[in-house]
Structure formats: structure tokens, C-alpha cells
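A short write-up of the structure that comes next.
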Amino acid sequence: WCGYNAYHQAQGPCDRLNIGPGAGHFTFLFQDRPFLVTPIGSYRLDTNAFSALLVDGKGQYGDVCYPMSIPSCPHRGEEIEWVRWDAASATGAIRLKLHPAYPAEMGMILYTREFVVGKDHQILCRDHVLFEKPHRLTWLFQVERQTELVVEEGLRCRIGKAPQVRIEPRPVGVNLTC
């Protein structure tokens with residue numbers, strides 16, 4: 001509900017009342033079918049309810065499991081930094097600045113998420129994360145309960161049957177497990 005332009009205009013806590021601790025969360029639909037979704041029924045502030053990053057099992061500011069929202073919770077500066085789109089080629093990119101959404105005690109120096117939209121329905125979701133010291137990172141991706149999800153060789157994840165979407169991690173300098 002709060003796109004690129006609206007996000008920069010909606011700076012007060014009441015403007016963002018419907019947003020929980022899920023900065024960077026996204027949904028993905030293909031051929032009008034939902035693959036990555038916002039879970040229905042999350043009635044509390046919890047980063048686990050979003051397609052988001054956990055650090056040592058902990059979520060973002062405001063991840064306190066209160067019901068609904070915290071009206072006095074200030075905006076910390078996470079934002080959609082820029083959007084580029086070429087209508088002729090139907091390609092583009094989006095960059096999110098996410099590190100302000102995480103508690104300072106985590107020692108997160110930088111966290112950006114970029115979506116690169118290419119031809120042939122390929123979308124690259126690239127996270128750049130930098131900390132003062134090592135942490136255990138967990139990437140969450142939310143699907144509907146009835147959607148088939150299969151982890152394949154190389155930690156690729158297949159979502160759905162036909163059509164289907166694949167998530168394929170391409171780590172740089174880190175080992176991943178699932």
C-alpha cells in the first residue's frame with residue numbers, strides 16, 4: 001500500500017500504522033498466482049511474519065510481539081532509495097536501505113536489498129549485509145500453507161507445481177544451510 005512515492009511522504013508513525021517490523025518484505029505473483037505472500041492472520045508485531053532477514057534469530061525494531069501496532073514507534077530511516085525502470089525493455093532495478101530497521105546493538109553497518117528485474121521473468125534479489133562482527137543470518141520467505149515447497153540440490157527452492165518459481169541462493173564468501 002505504501003509504494004516508492006508514498007513511502008517518502010508517509011514519515012509519521014500514524015502514516016505507517018499498518019506496517020509491522022518487516023522492512024524489506026516483498027510479495028511475488030506470477031500469472032496472477034501468489035508465490036511469495038504476506039501471511040494472513042499475523043495479528044502481532046513479529047518479523048517472523050514477513051519475508052525478511054533475522055540476525056541471530058532476532059528481528060527488527062518493534063519486533064516485540066505486541067498486538068497490532070505501536071502508534072508512537074518512530075520511523076528509523078529504512079526506505080526505498082531508488083527505482084529505475086525502462087518501459088521499452090521491461091527491465092529495471094529497485095534498491096532498499098534496510099539497516100536502520102535493525103537494532104543498533106546488532107552492530108549492523110549496512111544492509112541494502114536490490115531487486116534487478118531482467119528479461120524472461122528473472123528477478124534477482126540481492127542483499128548486501130555488513131556487520132561489525134559475524135552473526136547467524138536467516139532469510140525468511142513466506143508462502144501460502146497449501147503451496148508446494150521443495151528444497152532441491154544446491155539449496156534451490158521450488159515453489160508451486162505449474163507454473164512454478166525457483167529461489168536459488170548465490171552466496172558470496174559465506175556458506176549456507178537450509
Side-chain angles (χ1 to χ4, degrees), residues 1-29 34-85 92-117 123-144 157 167 169-174 176-178:
W1 71 272
C2 201
Y4 178 62
N5 183 51
Y7 202 87
H8 288 280
Q9 303 302 319
Q11 294 295 313
C14 293
D15 295 327
R16 295 171 181 246
L17 196 58
N18 292 338
I19 298 177
H25 171 73
F26 61 98
T27 59
F28 181 75
L29 284 78
F35 286 91
L36 296 176
V37 300
T38 302
I40 296 171
S42 179
Y43 192 65
R44 61 183 196 194
L45 296 177
D46 187 354
T47 306
N48 283 312
F50 297 94
S51 290
L53 173 69
L54 300 180
V55 179
D56 297 326
K58 296 180 181 150
Q60 300 173 0
Y61 280 109
D63 190 349
V64 292
C65 295
Y66 286 168
M68 301 284 284
S69 63
I70 304 173
S72 61
C73 189
H75 176 244
R76 300 194 172 279
E78 67 278 5
E79 66 177 345
I80 302 168
E81 282 191 311
W82 49 257
V83 175
R84 313 259 192 286
W85 185 254
I94 302 162
R95 180 147 118 194
L96 311 176
K97 178 174 76 172
L98 300 175
H99 57 277
Y102 289 83
E105 58 269 15
M106 288 180 176
M108 184 180 284
I109 297 168
L110 176 74
Y111 178 20
T112 61
R113 171 169 281 170
E114 296 174 0
F115 296 98
V116 180
V117 181
I123 299 175
L124 175 65
C125 175
R126 181 173 36 216
D127 283 4
H128 297 269
V129 188
L130 180 63
F131 287 94
E132 294 172 355
K133 62 181 184 175
H135 290 275
R136 181 178 48 87
L137 305 180
T138 306
W139 279 269
L140 304 175
F141 296 97
Q142 304 293 341
V143 300
E144 291 180 331
C157 180
I167 297 175
R170 296 180 184 167
V172 177
V174 296
L176 298 178
T177 60
C178 182

Residue pair [X] / [Y]: nearest heavy atoms and the distance that separates them:
X	Y	result
Thr47	Leu140	O-CD1, 4.1 Å
Leu29	Pro34	CG-CA, 3.9 Å
Pro103	Gly59	CD-O, 3.6 Å

Step by step, would you call His135 with Met108 a side-chain contact (heavy atoms from CB on, under 4.5 Å)?
-> CA-CA 10 Å; His135 290 275; Met108 184 180 284; over 6 Å; no

Non-hydrogen side-chain atoms of [X] and [Y] separated by less than 4.5 Å:
X	Y	value
Phe141	Phe26	yes
Val116	Ile123	no
Asp127	Leu137	no
Phe115	Leu96	yes

Using salt bridge (Lys or Arg N to Asp or Glu O under 4.0 Å) as the criterion, point out the one residue from Lys97, Arg95, Arg113 that pairs with Glu81.
-> Arg95

Could I get the full list of side-chain hydrogen bond (donor to acceptor under 3.5 Å, both in side chains) partners for Tyr102, not counting sequence neighbours?
-> Gln60

Determine, step by step, whether Leu98 and Leu53 satisfy the side-chain contact (heavy atoms from CB on, under 4.5 Å) criterion, reporting the C-alpha distance in whole Å, the side-chain angles of both residues, the deciding distance to 0.1 Å, and the verdict.
-> CA-CA 10 Å; Leu98 300 175; Leu53 173 69; over 6 Å; no

Point-to-point distance, once rounded to the nearest 0.5 Å, from CD1 of Ile167 to CH2 of Trp139 | 13.0 Å

Could you tell me the separation between the CD1 atom of Ile109 and the NZ atom of Lys133, rounded to the nearest 0.5 Å?
-> 12.0 Å

Checking the side chain of [X] only, and the main-chain atoms of [Y] only, is there a donor and an acceptor separated by less than 3.5 Å?
X	Y	result
Tyr61	Ala104	yes
His25	Ser51	yes
Asp56	Arg136	yes

Looking at residues at least two apart in the chain, or sitting in another chain, which of them share a side chain to side chain contact (heavy atoms under 4.5 Å, CB included) with Leu110?
-> His99, Thr112, Leu130

